[in-house]
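Report on the structure given below.
Letters A, B, ... are given to chains in the order of the sequence lines, protein chains preceding strands, and every chain is numbered from 1.
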Amino acid sequence: MTPEELSAAITACLKDAVDAGELNVPAEALPKEVRVERPKSREHGDWATNIALQLAKPAGVAPRKIAEVLSTRLAQIPGVSQVDIAGPGFLNIVLDAAAAGELAKAIVEAGASYGSNSQMAGTKINLEFVSANPTGPIHLGGTRWAAVGDSLARIFQSQGADVTREYYFNDHGNQIDKFARSLLASAAGQPAPEDGYGGAYIEDIAAEVVAKNPEILASEDPQEGFRAQGVELMFAAIRASLHEFGVDFDVYFHENSLFEDGAVEKLLEQLKGSGNIYAKDGAWWLNSTEYGDDKDRVVIKSDGNAAYIAGDIAYFKNKRDRGFDLCIYMLGADHHGYVARLKAAAAAMGDDANRVEVLIGQMVNLVQEGKPVRMSKRAGTVVTMEDLVEVVGTDAARYSLARFSSDSNIDIDLDVLTKRSNENPVFYVQYAHARTSAVARNAAAAGVERTSFDAAALNHATESELLAVLGQYPGVLSQAASSREPHRVARHLEVIAGAYHRWYDACRVAPMGEEAVTDTNRTRLWLNDAVGQVLANGLSLLGVTAPERM
RNA sequence: GCGUGCGUAGCUCAAUGGAUAGAGCACCUGACUACGGAUCAGGAGGUUGGGGGUUCGAGUCCCUUCGCGCGCACCA
């Protein structure tokens, strides 16, 4: 029995009790679904619910009274062996070993689909992340969004959503001009411009452009030549790093394309007629304060040119025209001022601002010897995606960035990265998976096969614990999707790995020595394989491999 | 100044308003000469920055205060 099944059964009991007049609760106070939790202490049973506490106020009855009414009904649920009322009114539930054990078989039979769901089916999501300007390699901050964003996309997909990963490729504007001037300066043997870009990669790209076009410095507009080809090369390098990192975008959207076909101008003309845009001081303004911005923003400058935000509006319209129901933007904390204006951009189109969702993630800090280190090219403390992958590998890099909540700043210690990478919990999880493979190999060698299955044989304390955390996995995925928090998946895998290691320590799968193979051996193999399956499923959502040997 | 996020064990971080606040690392003590010791068992380590409030119940919600990060352009 899974927690979802138990939850559904309790919900039905509650409805029956109300229908039978045993409880007087207004219909609107009844939850659609009763939440079932795993108690921290084993003394509180396998599962617990606080439904009686929640209904006490609307029903106007003491919580323990409600608990008493429900407990007799819950005890009738097949598979439930015991129901206790504890504390202020918690209902603690103990399952039959057999009912709990069935899960092992169900997981193996579900295979890669265990944990999947169709609750987001029919939702077409545009998930935009990274979107770093092609003026340099991807830094640690962008690397974090690559790991988190790609995982989130995979988690959405596991819940049935239709997800497009999108990279907004900014190739229009003066950041790019600075980049082009920097390349030109480097090729001409001059120092980098005042506000330009330095660093070895500029020299490399400039040299590559020159190698391909020996005459470029003497051409009519060398800066334009460096711009066009430099951006191309830089972008190819970024794509290669991302690919190496296991992140491939479905759409690389060029900002330039919004301007080339006059879409922005056309759009601006339309917007002048909408109620969300007004003229003042010779410019046109968007009423972004309506959406929480601290001031309105200029859309068309007094010189008649489009301001940056005009591109955002056009881009949003473009996404909606492509059929996306929900446009999610993952941005760093240095862009949190954008939330209101992106929502205002949607509203300016006459669209629902809730079509826009902005996820703000906090920064990655570098630490060395306990002290913060500023990223500085000069000091050699810029850490790029490639650097990170080179030192710890893609698996450890992705895992260590995805296992933290995006709401927290995270500190990455350069010393830990370079010297003690095996401190990363990814190895704990991967090792557990490799161990399930080793156990399966040994079982096969001993003649243990998944022929018979006796759920009641899974009655050891570590087995009850292991089954419980495996049962929580689908709920964790669902919550990770709805709260947009991939780190929950990683944390839960660590819990499963821990429970597995403890079980391994206590319960053998293969028989010892000359002992005969029993149904217990076979049943435990189901459980072992179920764990391997769940760990593999979860790791794949994080873009991390599940090795059979380490 | 305004906005926003954060503050939890020595360090890095968890904890859909639930019961005794948890892991990893570091430290200490142990484990089957039987499926891989990248493991397991145990110990020590906390006034969840401080102070109020709401609630049957607060690390979590509200107010206040302190500290840190980030942002506050007719730049893109």
Side-chain angles (χ1 to χ4, degrees), chain A residues 35 37 39-41 43-44 48 50 53-54 56-57 62-63 86-90 92 133 170 172-178 255 280-285 292-295 297-303 305 307-309 311 332-340 360-363 365 367 370 372 400 403-413 416 420 422-425 427-428 430-432 434-435 437-443 445-446 448 475-476 478-479 482-483 485 487-488 490-492 494-495 497-498 500-513 521 524 528 549-550:
Chain A
R35 206 164 67 211
E37 290 180 320
K40 281 174 192 157
S41 165
E43 295 162 18
H44 296 144
N50 62 355
L53 291 161
Q54 291 179 339
K57 190 165 284 180
F90 290 105
N92 294 335
N133 286 352
N170 184 330
H172 177 93
N174 66 17
Q175 300 294 325
I176 297 296
D177 293 340
K178 280 187 206 170
E255 184 184 11
K280 190 183 89 178
D281 302 337
W284 288 86
W285 300 70
D293 208 347
D294 47 358
K295 56 179 290 189
R297 303 289 162 177
V298 167
V299 185
I300 306 172
K301 296 188 273 188
S302 51
D303 64 6
N305 287 322
Y308 184 73
I309 192 173
D334 53 342
H335 286 70
H336 75 242
Y338 283 36
V339 178
I360 296 297
Q362 300 301 313
M363 300 306 206
N365 306 308
V367 173
S400 60
R403 73 186 286 270
F404 298 124
S405 161
S406 300
D407 285 339
S408 305
N409 295 57
I410 53 176
D411 293 338
I412 299 268
D413 190 320
V416 170
R420 296 179 290 176
N422 60 346
E423 284 179 13
N424 194 315
F427 297 110
Y428 185 75
Q430 286 186 314
Y431 180 63
R435 187 171 247 182
S437 301
V439 168
R441 287 192 294 270
N442 292 330
V448 180
V476 169
S478 164
Q479 199 196 340
S482 60
S483 59
E485 293 180 324
H487 76 275
R488 290 178 182 278
R491 298 292 174 157
H492 192 64
E494 292 167 27
V495 170
Y500 176 74
H501 286 312
R502 283 188 286 279
W503 173 67
Y504 170 91
D505 205 52
C507 300
R508 287 186 57 92
V509 172
M512 289 195 280
N521 298 119
R524 284 176 177 172
N528 177 76
R549 289 188 167 82
M550 289 176 72

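Nucleotides of RNA chain B nearest to A/Asp334 and A/Ile412 differ in position, and the one nearer the 5' end is that of A/Ile412. Mapping A/Pro39 and A/Arg508 onto RNA chain B by nearest heavy atom places A/Pro39 at the nucleotide closer to the 5' end.
Residue A/Asn50 places a side-chain atom within donor-acceptor reach of the base of B/G18, judged by atom type and a 3.5 Å distance cut-off alone.
Checking B/A58 for Watson-Crick or G-U wobble geometry (two distances, each under 3.5 Å) identifies no partner in any strand. In this structure, B/U48 makes no Watson-Crick or G-U wobble pair, since no nucleotide meets both defining distances under 3.5 angstrom. Under the Watson-Crick or G-U wobble criterion, with both distances below 3.5 Å, B/G5 is paired with B/C68. Across the strands present, B/U12 finds its partner in B/A23; the criterion is a Watson-Crick or G-U wobble pair with both atom distances under 3.5 angstrom. Look at B/G17: it lacks any Watson-Crick or wobble partner with both distances under 3.5 angstrom. In this structure, B/A41 forms a base pair with B/U29, meeting either the Watson-Crick or the G-U wobble geometry with both donor-acceptor distances under 3.5 Å.
Within the 4.5 Å cutoff, no side-chain heavy atoms of A/Glu485 are placed close to those of A/Ser406. Between A/Arg549 and A/Arg441 there is a side-chain heavy-atom pair separated by less than 4.5 Å.
Using C1' as the reference atom, B/U48 and B/G3 are 26 Å apart when rounded to the nearest Å. With P as the reference atom, B/U39 and B/A23 are 15 Å apart, rounded to whole Å. Going from the C1' atom of B/A58 to that of B/G42 covers 32 Å, rounded to whole Å. The C1' atoms of B/A9 and B/G43 are separated by 14 Å, rounded to the nearest whole Å. Atom name C1', nucleotides B/G51 and B/A44: the rounded distance is 31 Å, in whole Å. Comparing B/C2 with B/U20, their C1' atoms sit 43 Å apart, to the nearest whole Å. To the nearest whole angstrom, the two C1' atoms, one in B/G57 and one in B/G5, are 27 Å apart. Comparing B/G36 with B/C32, their C1' atoms are spaced 14 Å from each other, to the whole Å.
The side chain of A/Val298 approaches B/C74 more closely than any other nucleotide in the set B/C40, B/G69, B/C74. Here the side chain of A/Tyr431 is nearest to one of B/C40, B/C56, B/A38, namely B/A38. Side-chain atoms of A/Asp294 lie closest to B/C72 of the nucleotides B/U12, B/G36, B/C72. The side chain of A/His336 sits closest to B/U4 out of B/C56, B/U4, B/A14. Considering only the side chain of A/Lys301, B/C75 comes nearest among B/G5, B/C56, B/C75. Picking from B/G69, B/A34, B/C40 the nucleotide with the shortest atom distance to the side chain of A/Gln362 gives B/G69. Looking at the side chain of A/Arg435, the nearest of the listed nucleotides B/U39, B/C40, B/C13 is B/U39. Here B/C74 is the nucleotide among B/G37, B/C6, B/C74 with the atom lying nearest to any side-chain atom of A/Ala283. The nucleotide whose nearest atom lies closest to any side-chain atom of A/Ala86 is, among B/G18, B/A19, B/A14, B/A19. When distances run from any side-chain atom of A/Tyr338 to the nucleotides B/A76, B/U12, B/C40, the shortest one goes to B/A76.
Put simply, CG on A/Asn521 is 14 Å from C1' on B/A34, counting in whole angstrom units. In this entry the distance linking CG of A/Asp293 with P of B/C72 reads 11 Å, nearest Å. Summarising the geometry, the separation between CG on A/Asp407 and P on B/G7 is reported as 9 Å, rounded to the nearest angstrom. Atom NE2 in A/His335 sits roughly 11 Å away from atom C1' in B/C70 (whole-Å rounding). At whole-Å resolution of the value, OH in A/Tyr500 and C1' in B/C40 are 13 Å apart. A straight line from CD1 of A/Ile410 to P of B/C6 spans 15 Å, rounded to a whole angstrom. Rounded to whole Å, the distance from CG on A/Leu53 to P on B/G18 is 12 Å. Here B/C75 presents its P atom at 10 Å from CG of A/Asn174, a figure rounded to the nearest Å.
For the residue pair A/Asn528/A/Tyr500, the side-chain donor-acceptor check at 3.5 Å is satisfied.
Ring-base stacking between A/Phe90 and B/A19 is satisfied, the centre separation being under 5.5 Å and the plane angle under 30°. With centroids closer than 5.5 Å and planes inclined by less than 30 degrees as the test, A/His487 and the base of B/A14 fail to qualify as a stacked pair.
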Please assess A/Ser405 against A/His487 for the test side chain to side chain contact (heavy atoms under 4.5 Å, CB included), listing each intermediate value before the final yes or no. CA-CA 6 Å; A/Ser405 161; A/His487 76 275; 3.6 Å; yes
Does the side chain to side chain contact (heavy atoms under 4.5 Å, CB included) test come out yes or no for A/Met550 and A/Tyr431, once each step is laid out? CA-CA 7 Å; A/Met550 289 176 72; A/Tyr431 180 63; 3.9 Å; yes
Steps toward side chain to side chain contact (heavy atoms under 4.5 Å, CB included) verdict (A/Ile360, A/Val339): CA-CA 9 Å; A/Ile360 296 297; A/Val339 178; 4.0 Å; yes
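As judged by a 4.0 angstrom heavy-atom cut-off over every strand, A/Asp303 is placed among residues making no nucleic acid contact. No contact: A/Ser482 has no heavy atom under 4.0 Å from any strand. Across all strands, A/Arg488 comes closer than 4.0 Å only to sugar-phosphate atoms, never to a base (heavy-atom distances). Within the nucleic acid shown, A/Glu43 comes within 4.0 Å of at least one base atom, counting heavy atoms only. In this structure, A/Ala48 reaches the bases: a heavy-atom distance under 4.0 Å links it to at least one base atom across the strands shown. Note on A/Asn92: a base of the nucleic acid sits closer than 4.0 angstrom, heavy atoms only. Using a 4.0 Å heavy-atom criterion, one finds that A/Glu37 contacts the bases of the nucleic acid, with or without backbone contacts as well. Residue contacts shown for A/Gly332 are absent, as no nucleic acid heavy atom lies under 4.0 Å away.
Using a 4.0 Å cut-off between a side-chain N of Lys or Arg and a carboxylate O of Asp or Glu, A/Asp294 and A/Arg297 qualify as a salt bridge.
For the pairing with A/Tyr308, the side-chain contact (heavy atoms from CB on, under 4.5 Å) check across A/Asn170, A/Val299, A/Val298 returns one residue only, A/Asn170.
Within the 4.0 Å cut-off from OP1 or OP2 of B/G36, not a single side-chain nitrogen or oxygen of A/Arg441 is found. Residue A/Tyr504 places at least one side-chain N or O under 4.0 Å from the OP1 or OP2 atom of B/G37. A close approach under 4.0 Å does occur between a side-chain nitrogen or oxygen of A/Ser408 and OP1 or OP2 of B/A14. Remark: A/Lys295 is in phosphate contact with B/C74, judged by side-chain N or O atoms under 4.0 Å from OP1 or OP2. Residue A/Tyr428 places at least one side-chain N or O under 4.0 Å from the OP1 or OP2 atom of B/C40.
Ring centroids of A/His501 and A/Tyr504 are separated by 6.0 Å or more, keeping the two rings apart.
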